[in-house]
Each structure stands twice: as structure tokens, then as C-alpha cells.
**Q** 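The structure's right below; bear with me while I get my questions together.
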There are 2 protein chains.
Amino acid sequence: MNVETALEKLKEKGYKRTKQRERILEIFVKQDQYIAAKEILKEIQEDFPGVSYDTIYRNLYLLTDEEILEATELGGEKHFRLGCDTHGHHHHFICTECGKTKSIEFCPMNSINENLNGYDIENHKFEIYGKCPQCS
Amino acid sequence: MNVETALEKLKEKGYKRTKQRERILEIFVKQDQYIAAKEILKEIQEDFPGVSYDTIYRNLYLLTDEEILEATELGGEKHFRLGCDTHGHHHHFICTECGKTKSIEFCPMNSINENLNGYDIENHKFEIYGKCPQCS
DNA sequence: ATTTTAATTCGTAATCATTCTTATTTAAAT
DNA sequence: ATTTAAATAAGAATGATTACGAATTAAAAT
């Protein structure tokens, strides 16, 4: 997913193209890893000194709703990254030291054979935490 | 795990038996589901009007470290439940409506055959979210 | 090109969960 | 009964997130 494709997708839904939104997308395209809201803010302030957290969060949530970003909770903070839909659905190994991730193609939902009759499954989370080769 | 067993386990490590700690454990034994810190506080205040969040969190984290409780993040809040070590290691289906859980014996780490050479695995999380039979 | 409209942003305050600090209290060992 | 380390109370502080009114701006309509 690149910046233009994402902005196209938003335009179709009636969302406008703004400099701030474009800049946020650029950051995610450049850094392919989980990033916290405050880091996005810091980076954007170099170009737009006045951006507020409101703008950051509003956009992060919008982009997540539109499935352009995906979110996870790390150390009490929400983190976001570009949803790599090139790979299709997948999970992550997340380094607890540097935050870098490695995609995991294996999805437990394909292997599970547990009786969940009557349960309406909406979502699932599978993440492996540890040290990546560089940090261990 | 019952209250006495848990308190025994703590005593062996040199931790004291306090009314507040005992009461916290009772709540978890009675309600076998994920509970947020503020709900613990509310319930305990009926007996100890002065308890502070400090006491709640200190104990929740202590109990989690001692593997008496287990924790997960739900809706931006940490939630805790009694670690059901009778079942051994397992995961959960968590109802997004009422918070009730169903144990899942299947563990993806037993089925995964992904190349993670060089990665030092410390932990993992597998949870399924949705509506339980009562809520769907 | 101008106007209109709704979306978006800014600036700041408010909220909410969690953590910290210090003085005081308590369990349990001597 | 005394001592000592652990635990608690009370409230302030922090940090992430959310909320809100006013001002701005992108895009559509005229």
C-alpha cells in the first residue's frame, strides 16, 4: 500500500485529502513497523508545528477503520502500522526491545478445532513477543 | 486455585496476609472472568472505604507476577482473572459484550511451523473475540 | 472565479487509567 | 512487647487519549 492508493481509497468514501493526512501516511509507508501516536506527532511537527493530538488520533482511527492501518497495544500505548494486505491476513512476531516486527503467515484460526458452536466470532489476535536476531 | 492456596503461596515468598489482599482474592475466586481495576476498587470499597488504587494495582501486579492472576488488555484497560492452572496453559474466547470467557485448549504454538530461527520467543498471545451464546 | 458546504484542523481543556510520593499503619518475627 | 520490613492511605502527578468550540480548508456546486 502506498500513499496515493490510500488517499484514493479515502476519496471514494468522501474523505478529503489534507496535507496532514498525507504526511501521516508517508510516515507509515517509510517506516514499516508499529509506531505510537506520540512518535507520529513528533515527526509531523517538523512540517506542521501546530498539529494537535486530536488530528493524529482522528486520522489513525480513521485509517484503521478503513483498514489501511492495523493497530495493537504495546506497553500501554496503542501502536499502528501499515496493514500489509499484500501478504493477505497474517500475524506478527514483535520485538520487545526495538519494536520491529516479522510477519507470520501461520494463522491459528485455520488449524483450531475447538468446539465454538453458538459463539459468534468477530475477531482474533495472535502475536508472538520476544527478541529479534539483532536484539537477542 | 482458592484464596487459602494463593495466600500460602504468597507467604512462602515472604509476603504478608492482609485483609485487602484477601478480599481481592475472594473477588476473583467468586467471579471467574476478566475484571478491571476499577471494578475491584468499587467492590472492595464496600468493606474498606479507604482503599486506594495504589493498593489495588500493587496487588494485581503482585498476584500476576506470582502467576496467581493472569492479565490482558481489553478496551484500553488492563483486566485480570484467576489463572486457571488446573487446565494448564490455555487461551480464551472473550465476549465483547459481557466480558465472559471460554477457555480454549488449543495453543497455536504447538501447531506453528514457521521459521523463527534467531528469534528469542518470550511470550505469546492468542485470543478470540466475539459474542458468547447468551449475547449473540 | 466565487460561493457554499461539510470535512478537517487547531488549541486547549478535560478525562481516565495508571503511577508515584510520603507519612502512617500493620503483620509477623524476635 | 518490641522491632522491622511490608503494606496501606491519601492525594498529587503523569501520560495517553478524548472532547469541544472556533477557525480553516478542500472539494463540490454555482
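Basis for what follows: all heavy atoms, side chains included, without hydrogens, waters or symmetry-related copies. First the proteins, then the strands, lettered A, B, ... as listed; each starts at 1.
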**Q** Take atom CG of B/N59 and atom C1' of C/dT26, then tell me their distance rounded to the nearest Å.
**A** 14 Å
**Q** Can you check the B/F48 CZ to D/dA7 P distance for me, whole Å?
**A** 16 Å
**Q** Indicate whether OP1 or OP2 belonging to D/dT8 is found under 4.0 Å from a side-chain N or O atom of B/T18.
**A** yes
**Q** Could one point to a donor on the side chain of B/K16 or the base of D/dA5 with an acceptor on the other under 3.5 Å away?
**A** yes
**Q** Output yes when at least one side-chain N/O atom of A/K19 is less than 4.0 Å from OP1 or OP2 of D/dA26, else no.
**A** yes
**Q** Separation of B/I40 atom CD1 from C/dA17 atom P, in whole Å?
**A** 14 Å
**Q** For A/I35, does its backbone N or O pair with a side-chain atom of A/H79 as donor and acceptor, under 3.5 Å?
**A** no
**Q** Under 4.0 Å between a side-chain N/O of A/R58 and OP1 or OP2 of C/dT8, yes or no?
**A** no
**Q** From C-beta outward on B/R17, which listed nucleotide comes closest to its side chain: C/dC10, C/dA27, C/dT8?
**A** C/dA27
**Q** For a quick test of reading the model: is some side-chain N or O of A/Y61 closer than 4.0 Å to OP1 or OP2 of D/dT18?
**A** yes
**Q** Classify the ring geometry of A/Y61 against A/Y57: parallel below 30°, tilted from 30° to 60°, perpendicular beyond 60°.
**A** tilted
**Q** On DNA chain D, compare the nucleotides closest to B/G14 and B/S52; which residue's is nearer the 5' end?
**A** B/G14
**Q** Between A/E114 (side chain only) and B/F106 (backbone N and O only), is there a donor and an acceptor less than 3.5 Å apart?
**A** yes
**Q** Send over the distance from A/Y53 OH to C/dC16 P, rounded to a whole Å.
**A** 19 Å
**Q** What nucleic acid atoms does A/Y15 come within less than 4.0 Å of, heavy atoms only: base, sugar-phosphate, or nothing?
**A** sugar-phosphate
**Q** Can you tell me how far C1' of D/dT18 sits from CG of A/L60, to the nearest Å?
**A** 13 Å
**Q** Describe the nucleic acid contact of A/D54 in one word from base, sugar-phosphate, nothing, applying a heavy-atom distance below 4.0 Å.
**A** base
**Q** Could you state the OH-C1' distance from A/Y57 to C/dT15, rounded to the nearest angstrom?
**A** 13 Å
**Q** Can we say A/K19 and A/E26 salt-bridge, meaning some charged N sits less than 4.0 Å from an Asp/Glu carboxylate O?
**A** no
**Q** How many whole angstroms separate atom CD of A/E8 from atom P of D/dA27?
**A** 11 Å
**Q** Whole angstroms only, please: what is the CG-P distance between B/L62 and D/dA5?
**A** 19 Å
**Q** Any side-chain N or O of B/K38 under 4.0 Å from OP1/OP2 of C/dA17?
**A** yes
**Q** Kindly say whether A/L60 contributes a backbone atom to a donor-acceptor pair with the side chain of A/T64 at under 3.5 angstrom?
**A** yes
**Q** If you pin B/K78 and A/Q20 to their nearest nucleotides in DNA chain C, which one's is more 5'?
**A** A/Q20
